[in-house]
Amino acid sequence: MSFLNETIIPGNHGKIFGTNAESIKDLENIKERILELEGIKEVSINFEIFPREFTVQTSKMVKVDAVEKQVNAVGFHSIPKETFKL
């Protein structure tokens, strides 16, 4: 894996993750748990598509696996989407 695939870099793009959580309550729990990580600026959830997706934006570099561990702790899975295209 490359550095860009393993790390969420600060900026306007963030990193998009897919998840198997469906209910609003579960997605809000995931959001709260991710916001506990140092360097997380914002987590936005897309309720319009299935499977659900959320975007994580950071103020510093954060490891993708740290986000995945937070989501797993709530009882769900997260899969990072492709890195943004330049």
Side-chain angles (χ1 to χ4, degrees):
M1 292 190 77
S2 74
F3 177 76
L4 289 176
N5 289 334
E6 295 174 354
T7 309
I8 305 169
I9 57 173
N12 297 332
H13 298 294
K15 183 82 166 169
I16 300 172
F17 293 80
T19 183
N20 61 332
E22 296 180 23
S23 75
I24 293 172
K25 180 183 174 192
D26 291 336
L27 291 163
E28 289 296 329
N29 286 339
I30 288 172
K31 179 178 179 175
E32 288 175 19
R33 191 69 188 239
I34 294 170
L35 286 170
E36 292 175 1
L37 290 171
E38 184 179 342
I40 301 296
K41 184 169 55 174
E42 182 180 348
V43 177
S44 55
I45 302 168
N46 186 346
F47 294 101
E48 303 298 318
I49 61 172
F50 186 84
R52 302 289 187 242
E53 290 182 347
F54 58 89
T55 304
V56 178
Q57 293 182 328
T58 63
S59 59
K60 66 178 196 174
M61 290 190 286
V62 175
K63 294 247 181 211
V64 167
D65 64 348
V67 172
E68 292 173 333
K69 287 178 185 176
Q70 292 294 86
V71 175
N72 288 344
V74 180
F76 296 99
H77 299 286
S78 61
I79 300 171
K81 300 285 184 164
E82 290 294 317
T83 305
F84 60 91
K85 293 180 177 44
L86 298 176

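These numbers were taken from a predicted model, which means no experiment stands behind them. Numbers for residues simply follow the sequence, beginning at 1.
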Quiz item: Where the side chain of E68 meets the backbone of I79, is there a donor-acceptor pair that is under 3.5 Å apart?
Solution: no

Self-check item: Within 6.0 angstrom of K41 NZ, more than 12 heavy atoms from elsewhere
Solution: yes

Quiz item: Please walk me through it: do H77 and N72 pass side-chain contact (heavy atoms from CB on, under 4.5 Å)?
Solution: CA-CA 6 Å; H77 299 286; N72 288 344; 4.0 Å; yes

Quiz item: Can you tell me how far CD1 of I8 sits from CD1 of I40, rounded to the nearest 0.5 angstrom?
Solution: 5.5 Å

Quiz item: For E38, does the CD atom have more than 12 heavy-atom neighbours from other residues, nucleotides or ligands under 6.0 Å away?
Solution: no

Exercise. Step by step, work out the side-chain contact (heavy atoms from CB on, under 4.5 Å) result for F17 and I30.
Key: CA-CA 12 Å; F17 293 80; I30 288 172; over 6 Å; no

Quiz item: Would a hydrophobic clustering, with Ile, Leu, Val, Met, Phe, Trp and Tyr connected at side-chain separations under 4.5 Å, put L27 with I16?
Solution: no

Exercise. Apply the test side-chain contact (heavy atoms from CB on, under 4.5 Å) to residues F54 and V67: give CA-CA distance (whole Å), side-chain angles for both, the deciding distance (0.1 Å), then the verdict.
Key: CA-CA 11 Å; F54 58 89; V67 172; 4.2 Å; yes

Quiz item: How long is the gap from CD on Q57 to NZ on K15, to the nearest 0.5 Å?
Solution: 13.5 Å

Self-check item: Pairwise side chain to side chain donor-acceptor pair (under 3.5 Å) hits with a residue in residues 16-28, at least two apart
Solution: S23-D26

Exercise. Please confirm whether the backbone N or O of R33 pairs with a side-chain atom of Q70, one donor and one acceptor, at under 3.5 Å?
Key: yes

Quiz item: Say you draw a straight line from OG1 of T55 to NZ of K81; how long is it, rounded to the nearest 0.5 Å?
Solution: 10.5 Å

Exercise. Provide the closest heavy-atom pair for R52 versus I49 in the form atom of the first, atom of the second, distance.
Key: NH1-O, 2.7 Å

Quiz item: Does the T7 side chain pair with the main chain of I9, one donor and one acceptor, at a distance under 3.5 Å?
Solution: no

Quiz item: Within a reach of under 6.0 Å around CG of L35, are more than 12 heavy atoms found that belong to other residues, nucleotides or ligands?
Solution: yes

Exercise. I would like to know whether V71 and I34 meet side-chain contact (heavy atoms from CB on, under 4.5 Å); could you show each step before the answer?
Key: CA-CA 7 Å; V71 175; I34 294 170; 3.9 Å; yes

